[in-house]
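Worksheet: the structure to be examined is printed underneath.
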2 protein chains.
Amino acid sequence: MSDHVTPQTLPSDKPNTMQSTVDDVIRRDIADAIFDQRMPPGTKLSEARLGDLYDVSRTVVRKALFRLASDKLVDLRPNRGAIVARPTIAEARQVFEARRLIESAMLEHSVPNMTADQHGVLHDLVAADSAAHDSHDRQRMIRASGDFHRGLAAMSSNQVLCGFLDQLIGRTSLIIAMYQSHTSAACSHHAHDELLKVIEQADVAGAQRAMRRHLHECEDQLQLTDTQHANPLAQMLDASHGRN
Amino acid sequence: MSDHVTPQTLPSDKPNTMQSTVDDVIRRDIADAIFDQRMPPGTKLSEARLGDLYDVSRTVVRKALFRLASDKLVDLRPNRGAIVARPTIAEARQVFEARRLIESAMLEHSVPNMTADQHGVLHDLVAADSAAHDSHDRQRMIRASGDFHRGLAAMSSNQVLCGFLDQLIGRTSLIIAMYQSHTSAACSHHAHDELLKVIEQADVAGAQRAMRRHLHECEDQLQLTDTQHANPLAQMLDASHGRN
DNA sequence: TAAGGTCGAATCGTATCCAATTTAATGCCG
DNA sequence: CGGCATTAAATTGGATACGATTCGACCTTA
């Protein structure tokens with residue numbers, strides 16, 4: 001029961017400024033666990049087990065799982081339960097392509113109209129990113145990198161695209177957790193620093209180029225070859241070795 | 001209980017070729033009703049009432065409503081029930097902007113690699129669009145126009161963007177149903193015809209220009225001025241007059 | 001008469017219960 | 001000894017029940 005995190009005293013870094021419902025807590029906890037690689041792709045998410053952990057009924061767990069499924073973070077198989085999603089290589093490529101499209105387009109509107117305060121926010125996010133890199137904590141790195149892109153997106157005037165991008169960033173975190181090569185970092189924080197410099201110069205075209213290049217680099221740093229990952233057999237053997 | 005329509009024999013134009021779950025039927029029925037303006041924005045969607053109509057429990061109705069909410073077609077207000085969404089003018093503009101971005105980008109990949117079969121499919125869709133226009137049936141027009149864009153999107157290689165666009169097309173149908181000026185048609189099918197011609201010439205840049213212009217025209221044909229619609233007071237008075 | 005409060009009906013949120021399906025295990029047979 | 005059918009446990013899908021919240025009507029009162 002209480003040998004894990006206590007759901008009432010949830011993250012403690014997330015003060016419930018607004019009404020935080022229980023299913024949102026579960027949803028966020030699972031998402032964080034996925035991003036932190038504590039829940040590798042394919043992990044089964046039993047409704048009863050989760051309900052037991054959070055001391056709620058399966059009804060609310062189902063709601064959380066349903067929402068995670070709509071965010072493409074878990075896969076809901078009829079009559080067979082929920083597992084954390086295993087994005088394919090093709091899907092990963094498409095996610096990056098979509099991100100290049102959306103994020104570069106957002107810059108077109110946000111870069112010229114950016115205030116000094118917003119520049120400061122981005123500086124803080126880059127600083128957090130650098131700190132994460134220095135800590136050599138892969139989870140923090142993934143998180144910080146996503147936060148930078150999210151913060152940049154929040155400065156766009158288009159909430160619709162922002163919502164799409166939010167989903168894409170979450171999927172990217174899962175993709176990185178799944179396909180990262182053990183040698184490379186998630187996103188080179190240096191790229192974020194460079195990008196911010198160009199943004200501050202109000203150079204739209206340059207920022208767009210930098211963004212596209214950055215995302216291309218991120219994609220190239222992943223192991224998106226069909227060996228290993230495309231083979232479910234190796235995965236299962238890995239899982240059994242890891243005593244999942 | 002069974003004093004209303006029988007849910008088993010409801011669509012009759014939708015034979016359950018594939019496994020059609022009940023909640024999907026409800027979801028699609030509600031979506032169609034929204035697009036056909038049989039359910040104006042703001043209409044309350046009572047769980048018990050819907051469950052009665054389809055002879056299912058509230059559980060499955062909730063699932064359908066939840067999914068409609070994730071597609072931004074209904075608004076789920078805590079403890080206050082679900083209503084069909086009332087997209088704001090700003091949201092409408094953002095949806096069109098997002099569509100311009102995504103649809104023109106999709107053309108970049110799909111136009112050069114299009115087969116003759118796919119051209120044929122598009123021809124059929126344009127024909128259906130023209131037929132809908134000739135029938136002077138506004139609902140059919142909205143539907144056919146959306147089907148053309150959907151069919152075009154299906155020819156893209158990027159399923160992720162395709163999913164986003166699917167959602168945007170649905171939201172557009174709702175926006176058109178809400179903001180259309182009574183004088184103008186939904187989308188001029190002539191534009192679809194022109195667009196198809198340019199596509200068949202494998203002119204990517206031209207197709208992108210035509211697509212952006214077409215979507216701009218659609219947006220301009222709507223009444224996205226802040227009179228009437230932006231004012232919630234007038235809306236409420238309208239609603240009470242309409243005895244909604 | 002209008003403003004405010006109280007009560008009741010309706011509706012939503014969640015827990016619990018039961019049926020249906022899947023999954024794993026055991027035993028049987030070739 | 002390996003493959004397959006039968007059976008039992010576990011898990012999901014859906015229905016029902018009950019507490020909580022909201023909305024509307026009626027009543028009271030200044």
Side-chain angles (χ1 to χ4, degrees), chain A residues 1 7-8 10 16 18-30 39 42-70 74-85 232 236 239-240 243-244, chain B residues 1-2 4 6-8 10 16 18-30 39 42-70 74-86 232 235-237 239-244:
Chain A
M1 308 291 175
Q8 283 81 1
L10 39 113
N16 46 2
M18 29 183 350
Q19 193 143 344
S20 62
T21 58
V22 186
D23 63 295
D24 257 0
V25 174
I26 298 177
R27 181 181 62 83
R28 187 172 297 266
D29 278 359
I30 294 178
M39 280 187 183
T43 304
K44 189 157 196 301
L45 298 170
S46 163
E47 298 176 0
R49 209 68 57 89
L50 285 169
D52 215 18
L53 279 175
Y54 286 90
D55 201 29
V56 292
S57 86
R58 282 173 43 214
T59 309
V60 49
V61 174
R62 283 175 71 98
K63 195 192 297 187
L65 290 177
F66 207 81
R67 200 159 154 191
L68 286 165
S70 76
V74 315
D75 192 13
L76 239 51
R77 305 163 304 173
N79 278 317
R80 298 189 55 208
I83 60 173
V84 359
M236 288 170 66
S240 62
R243 208 205 69 73
N244 176 21
Chain B
M1 310 289 180
S2 56
H4 268 106
T6 56
Q8 285 79 2
L10 48 98
N16 46 0
M18 50 186 323
Q19 191 143 343
S20 61
T21 57
V22 186
D23 62 295
D24 257 0
V25 174
I26 298 178
R27 182 181 63 82
R28 189 173 296 266
D29 279 0
I30 293 179
M39 280 186 182
T43 305
K44 189 158 195 304
L45 298 171
S46 164
E47 297 177 1
R49 208 68 58 90
L50 286 169
D52 259 1
L53 279 175
Y54 286 90
D55 201 31
V56 292
S57 86
R58 282 173 42 215
T59 308
V60 48
V61 175
R62 281 176 73 94
K63 196 192 297 190
L65 290 177
F66 210 82
R67 199 158 156 190
L68 286 165
S70 76
V74 316
D75 192 13
L76 239 52
R77 306 163 305 173
N79 277 320
R80 298 188 56 209
I83 61 173
V84 359
R86 292 192 67 263
Q235 284 261 335
M236 288 170 66
L237 290 173
S240 60
H241 264 267
R243 208 205 68 74
N244 179 20

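Quick caveat, the model's predicted, so the values are computed rather than measured. We name chains A, B, ... by the order of the sequence lines, and we start the count at 1 in each one.
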Let me confirm one number: the [atom1]-[atom2] distance from [X] to [Y], rounded to the nearest 0.5 Å.
X     : Y     : atom1 : atom2 : answer
A/I26 : A/K63 : CD1   : NZ    : 10.0 Å
A/N79 : A/R77 : CG    : CZ    : 11.0 Å
B/L65 : B/R58 : CG    : CZ    : 10.5 Å

Take the protein atom [atom1] of [X] and the nucleotide atom [atom2] of [N], then report the distance between them rounded to whole Å.
X     : N      : atom1 : atom2 : value
A/R77 : D/dG13 : CZ    : C1'   : 15 Å
A/I83 : D/dT11 : CD1   : P     : 16 Å
B/E47 : D/dT16 : CD    : P     : 15 Å
B/D55 : D/dG14 : CG    : C1'   : 13 Å
A/D23 : C/dA15 : CG    : P     : 11 Å
A/R58 : D/dG13 : CZ    : P     : 8 Å
A/L76 : D/dG14 : CG    : P     : 11 Å
B/L65 : C/dG13 : CG    : C1'   : 14 Å

With the side chain of [X] defined as its heavy atoms from C-beta on, choose the nearest nucleotide among [options].
X     : options                : result
B/R62 : C/dG13, D/dA15, C/dA15 : C/dG13
A/R49 : C/dT16, C/dT21, D/dT11 : D/dT11
A/S57 : C/dT21, D/dG14, C/dA15 : C/dA15
B/K44 : C/dT16, C/dC12, D/dG13 : C/dC12

Do any side-chain nitrogens or oxygens of A/R80 fall under 4.0 Å of OP1 or OP2 in D/dT12?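 No, A/R80 has no side-chain N/O under 4.0 Å of OP1/OP2 on D/dT12.
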Below 4.0 angstrom from OP1 or OP2 of D/dG14, is there any side-chain N or O of B/T59?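 So the side chain of B/T59 is outside the cut-off, no N or O lying under 4.0 Å from OP1 or OP2 of D/dG14.
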Using the rule side chain to side chain contact (heavy atoms under 4.5 Å, CB included), only one of A/L45, A/L68, A/I83 pairs with A/D75; which is it?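 Checked A/L45, A/L68, A/I83 against A/D75; only one passes side chain to side chain contact (heavy atoms under 4.5 Å, CB included): A/I83.
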With the threshold set at 4.0 Å, does a side-chain nitrogen-carboxylate oxygen contact exist between B/R49 and B/D52?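 No, no charged N to carboxylate O under 4.0 Å.
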Hey, which of these two, A/P78 or B/P78, hits DNA chain C nearer its 5' end, going by closest nucleotide?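 Going by which nucleotide is closer to the 5' end, it is B/P78.
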